[in-house]
A.B. asks: 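Here it is, the structure in full.
The analysis underlying the following values was restricted to heavy atoms, covering all of them including side chains, and did not include hydrogens, waters or symmetry mates. Labels below follow one simple rule: chain letters A, B, ... track the order of the sequence lines, proteins then strands, and each chain is numbered from 1.
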Amino acid sequence: MNKPLLGLLLGGILGVFDGLTAWFTPEVRPFIIGIVIGSTFKGMIAGVAAGWFARKVHSVPAGIVFGFAVGLLLAFAVAAMPSETGEHYYFEIMLPGSVLGAVVGWATQKYGQPAAAAQAA
Amino acid sequence: MWLSDETVGRLQQIGTEPDLAGTKYRPVRELARGGMGTVWIAHDEELDREVALKVLRPELSTPEAAARMVREAKIVAALEHPGIIPVHDVGSLRDGRVFYAMKLVRGTTLEQFRESGPTRAEALRAFVRICEAVAFAHAHGVVHRDLKPGNVMVGPFGEVLVVDWGVAKLLRDAPQTISPSPPHDEHQTRDGTVVGTPGYMAPEQERGEISLVDERSDVFALGAILRFLLGEAPAPPPLASILGRAMHAQPESRYPGASTLADDVVRFLDGLPVSAHRESHLERLARWATRHRTLLSLIAAYLMARFLVFLWIDR
């Protein structure tokens with residue numbers, strides 16, 4: 001499996017679980033489906049970006065930092081959109097989202113076929 | 001007449017210096033003395049470079065010793081490997097003594113390498129390179145028989161060279177290119193002769209059972225070198241098991257060759273299970289956690305982040 005595809009799948013899966021944690025917050029529980037879908041897409045985009053980066057740069061620390069930064073940026077974009085109650089959840093979305101980006105950044109550096117191997121296969 | 005210490009020293013050097021007239025070498029200074037020969041740093045006048053010249057000691061200058069020296073040179077010359085010192089030339093002096101020229105290694109012995117305080121990983125990586133050189137010799141039917149820290153040189157760039165193949169044994173399946181006098185090597189050591197260095201030679205070598213000496217005897221010596229490199233600090237269980245298997249009293253219970261020993265050490269370095277050690281569930285878990293500590297740290301960071309978010313919401 002190539003690195004961007006690995007990032008896409010892993011980011012999506014982690015995004016689903018991250019979105020599902022909203023269930024533990026009663027006030028947003030009615031909107032959980034929308035949250036899970038949004039979180040999944042956010043994870044997939046971060047994963048593809050981290051996978052693309054891993055093909056270009058072979059460094060675990062750099063991958064983690066890149067994943068963190070992309071996760072933070074995407075989470076900020078989501079948090080910047082007001083909720084149905086008009087509130088912004090910057091801290092609640094950006095903190096876990098950035099760490100998940102770092103996890104995907106690490107995984108795409110450690111696993112998945114590099115570009116040359118993927119082409120040869 | 002009084003002579004200064006410097007003059008006495010110079011006269012002593014001249015007295016022991018080999019007469020290299022008629023060769024392309026000029027002696028520079030003595031480097032080391034071994035059981036069979038003296039190693040000199042010499043200058044190759046043709047190629048304008050320094051080489052190490054091993055010259056048979058005058059008191060050992062017999063036809064048998066000369067044949068042994070030529071045999072050693074042939075064996076080493078046939079083993080072309082980055083971990084084995086290359087032989088450039090072989091010849092004889094005007095007094096009939098045999099010599100051979102080899103690459104001059106400007107490094108330290110393994111003893112000095114250990115004293116320089118390498119990390120365990122650095123020491124293990126150097127050990128793997130020793131194993132690779134010995135495994136190459138085994139693949140060509142040659143057993144070193146005197147592996148010890150003094151016979152391993154570490155170069156300035158971390159390269160490792162196995163030296164002093166003077167008592168090497170040719171196995172029956174050695175290729176014809178290495179066998180100096182096929183089909184029977186008349187200079188092979190007879191049963192009952194003890195060859196090796198105490199503390200590094202295998203039990204079968206100590207008993208003088210020459211016919212039983214094979215690759216596994218070198219594996220024992222490699223185990224002793226590994227123990228030397230690891231020092232006094234207690235080794236982790238997998239590494240202790242590797243040592244135990246390499247240095248087992250029974251040859252059949254040891255690793256079959258240097259390459260399988262190296263494989264286990266590499267697996268240990270990579271955080272993988274080793275063949276010599278049956279690990280408990282707890283050890284397996286600890287090894288997995290060590291190997292994936294970055295992932296575990298990130299998961300812990302995520303859980304911590306989630307926990308902080310919950311605290312933030314409930315404030």
A.B. asks: Could you measure the distance from the CG atom of D18(A) to the CZ atom of R306(B)? Nearest 0.5 Å is fine.
C.D. replies: 4.5 Å
A.B. asks: Between W312(B) and F91(A), what is the ring plane arrangement, given parallel below 30°, perpendicular above 60°, and tilted in between?
C.D. replies: tilted
A.B. asks: What's the separation between atom OH in Y302(B) and atom CZ in F17(A), rounded to the nearest 0.5 Å?
C.D. replies: 10.0 Å
A.B. asks: With a 6.0 Å cut-off (strictly less than), is the heavy-atom count around CZ of F31(A), excluding the residue itself, greater than 12?
C.D. replies: yes
A.B. asks: Identify which part of I93(A) has an atom lying under 4.5 Å from any heavy atom of chain B, answering side chain, backbone, both or neither.
C.D. replies: neither
A.B. asks: Just wondering, more than 12 heavy atoms not from R278(B) lying within 6.0 Å of its CZ?
C.D. replies: no
A.B. asks: With a 4.5 Å cut-off on heavy-atom pairs, point out which of L308(B), T294(B), L298(B) contacts chain A the most.
C.D. replies: L298(B)
A.B. asks: Would you say that more than 12 heavy atoms from the other residues, nucleotides or ligands in this model lie under 6.0 Å from the CZ of F228(B), or not?
C.D. replies: yes
A.B. asks: For the CD atom on Q112(B), are there more than 12 heavy atoms of other groups (residues, nucleotides or ligands in this structure) within a distance under 6.0 Å?
C.D. replies: yes
A.B. asks: Is the count of non-hydrogen atoms from other residues, nucleotides or ligands lying under 6.0 Å from I33(A) atom CD1 greater than 12?
C.D. replies: no
